[in-house]
Number of protein chains: 2
Amino acid sequence: MNTDAELDSKSVRTRKRVLAAAARVFRQQGYAAASLRQIADAADMQAGSLYYYFDGKEALAEAVMDRGVAEAQRSAEAAINRLDDAADEIDVIVAAFSGHLTYLLEEADFAVATLRMLQQTPDAVRTRHLKKQKAFGRFYGDLFDRARDAGLIDPFFDLSALRMLLLGALNWSPEWFDRRGLSADDLVAQLGRMLRSGLNG
Amino acid sequence: MNTDAELDSKSVRTRKRVLAAAARVFRQQGYAAASLRQIADAADMQAGSLYYYFDGKEALAEAVMDRGVAEAQRSAEAAINRLDDAADEIDVIVAAFSGHLTYLLEEADFAVATLRMLQQTPDAVRTRHLKKQKAFGRFYGDLFDRARDAGLIDPFFDLSALRMLLLGALNWSPEWFDRRGLSADDLVAQLGRMLRSGLNG
DNA sequence: GTCTATAGGTTGATAGAC
DNA sequence: GTCTATCAACCTATAGAC
């Protein structure tokens, strides 16, 4: 049994190495431009060997994207759980942004690869992925609903549009973020202040 | 002279047709996945014929991207010029967003193709393009500077970070915008209200 | 599990006829 | 100006040795 577990564990570890290599290459090149040879190279194997672990390029991309959204959501949830009891519903949204953005900006090959691949991926893959991503959308939707119900968001706002605009600000940030400037937390602070009271508050 | 102008004009017109076809295909497929055969098809010619008008795929992409930023900036400027004298410096920013976003969301093959291609394009092309895009960045930077100088943006804010976050919200919108929902103007109104007084103002 | 070898297809680009 | 034909390079995926 011990032996079995060890054999299994090695295979699982190699699979993870392949997936991480795929995320890194997909992140840098996007879906179409990334080649299986590059991915295999990054994982220290030959292109043909990848097929022992994954069915092909599409399956590899889908696995990366699945983990990308999962990790982003987990980071957002973890940040919410770190809040103390004094937090109001806007604090919850800002905390979710904080966890989400921090993950996106520091070593997040999976999530950034996911964002970059979304439009390039074959239809079947994209369709399946968007379904999974909708769960993440609902997670954020609930946070905004609660803030409105608590009277912290004016009824003027369309919560769906607001959510997409703000998530867009987050999703685009890997395109321009520079470690030498403001930190991820600083960025969220800017965003939080704007949400609380606008540019002049 | 008339004859010359007409001959010239036909060639120019064909070149424009090729460029528009390239923008359409690049927008849908991104840089790497788009093939010259698809572009030629969309322009009603054979792949080899493209080389009469452009030096190759990279040159085609660069021409699309140049026009993409130019059109976006022109739309933003035009919207500012339509403001009346009562407008304050925040109105100017919101107007720029309005022109920019409206262009981005309605038949803007060039600008959306530009956004999608940025990360995929070969280094030489990207480097040259980012230089041109910086001018657009400075344009927005000036608008924010003026709003701060007028006392309409609290010194708390880092104007560069703020600008990138908000432009990110715009740039990401083609990913999710749906004609059946809110209009581009509605979206800008949401953004404007948030900038003025926050979510609860 | 991982390799080598290769099939089968597509790509960007060029040459030359018309 | 536009076409056809073609090249060399590269791709994904598969087959079979080890």
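Note that this is a predicted model, so its numbers are computed, not measured. In what follows, every chain begins at residue 1, and chains take the letters A, B, ... in the order their sequences are listed.
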*asked:* Check this for me: B:Asp55, atom CG, are more than 12 non-hydrogen atoms of other residues, nucleotides or ligands nearer than 6.0 Å?
replied: no
Discussion item. Please determine whether the number of non-hydrogen atoms from other residues, nucleotides or ligands lying under 6.0 Å from atom CG of A:Asp85 exceeds 12.
Written reply: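 Result for CG/A:Asp85: open.
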query = Which nucleotide sits closest to the side chain of B:Lys57: D:dG1, C:dG12, C:dC3?
reply =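 The nucleotide sitting nearest to the side chain is C:dG12.
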Would you mind telling me which of D:dT2, D:dG1, C:dC3 lies closest to the side-chain atoms of A:Met45?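 Nucleotide nearest to A:Met45's side chain: C:dC3.
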For [X] and [N], what is the distance between atoms [atom1] and [atom2] respectively, to the nearest whole Å?
X	N	atom1	atom2	result
A:Asp41	D:dC11	CG	P	11 Å
A:Phe54	D:dT12	CZ	P	15 Å
B:Leu36	C:dT10	CG	P	15 Å
B:Tyr52	D:dC3	OH	C1'	14 Å
A:Leu50	D:dA13	CG	C1'	11 Å
B:Tyr31	C:dT11	OH	C1'	12 Å
B:Tyr51	D:dA5	OH	C1'	15 Å
B:Ile39	C:dT10	CD1	C1'	15 Å

For the CZ atom of B:Phe139 and the CZ atom of B:Arg163, what is their distance to the nearest 0.5 Å?
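It is 11.5 Å, given to the nearest 0.5 Å.
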What's [X] touching, base or sugar-phosphate or nothing? Going by heavy atoms closer than 4.0 Å.
X	result
A:Gly48	base
B:Ala32	nothing
A:Ala59	nothing
A:Tyr53	sugar-phosphate

Q: Look at the aromatic rings of A:Phe97 and A:Phe144 and report parallel, tilted or perpendicular, splitting at 30° and 60°.
A: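 Because their plane-to-plane angle lies in the 30° to 60° range, the rings of A:Phe97 and A:Phe144 count as tilted.
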### Message
Below 30° counts as parallel, above 60° as perpendicular, anything between as tilted: where do the rings of A:Tyr140 and A:Phe136 land?
### Response
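Because their plane-to-plane angle lies in the 30° to 60° range, the rings of A:Tyr140 and A:Phe136 count as tilted.
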Distances for protein N/O vs nucleotides 16-18 of chain C N/O pairs under 3.5 angstrom?
none

- Item | Residue pair A:Arg146, A:Asp88: steps toward the salt bridge (charged side-chain N to carboxylate O under 4.0 Å, His left out) verdict | CA-CA 10 Å; A:Arg146 273 183 219 141; A:Asp88 69 15; over 6 Å; no
Look at [X] together with [Y] and state whether they make a salt bridge at an N to O cut-off of under 4.0 Å.
X	Y	value
B:Asp123	B:Arg126	yes
A:Asp154	B:Arg193	yes
B:Asp145	B:Arg148	yes

Restricting to nitrogen or oxygen on both sides, can you table the protein-nucleotides 7-10 of chain D pairs closer than 3.5 Å?
none

[N] phosphate, OP1 or OP2, under 4.0 Å from [X] side-chain N/O:
X	N	value
A:Ser49	C:dG1	no
B:Gln46	D:dT4	yes
A:Thr14	C:dG1	no

With B:Glu62 as partner, the option from B:Arg67, B:Lys132, B:Lys57 fulfilling salt bridge (charged side-chain N to carboxylate O under 4.0 Å, His left out) is B:Lys132
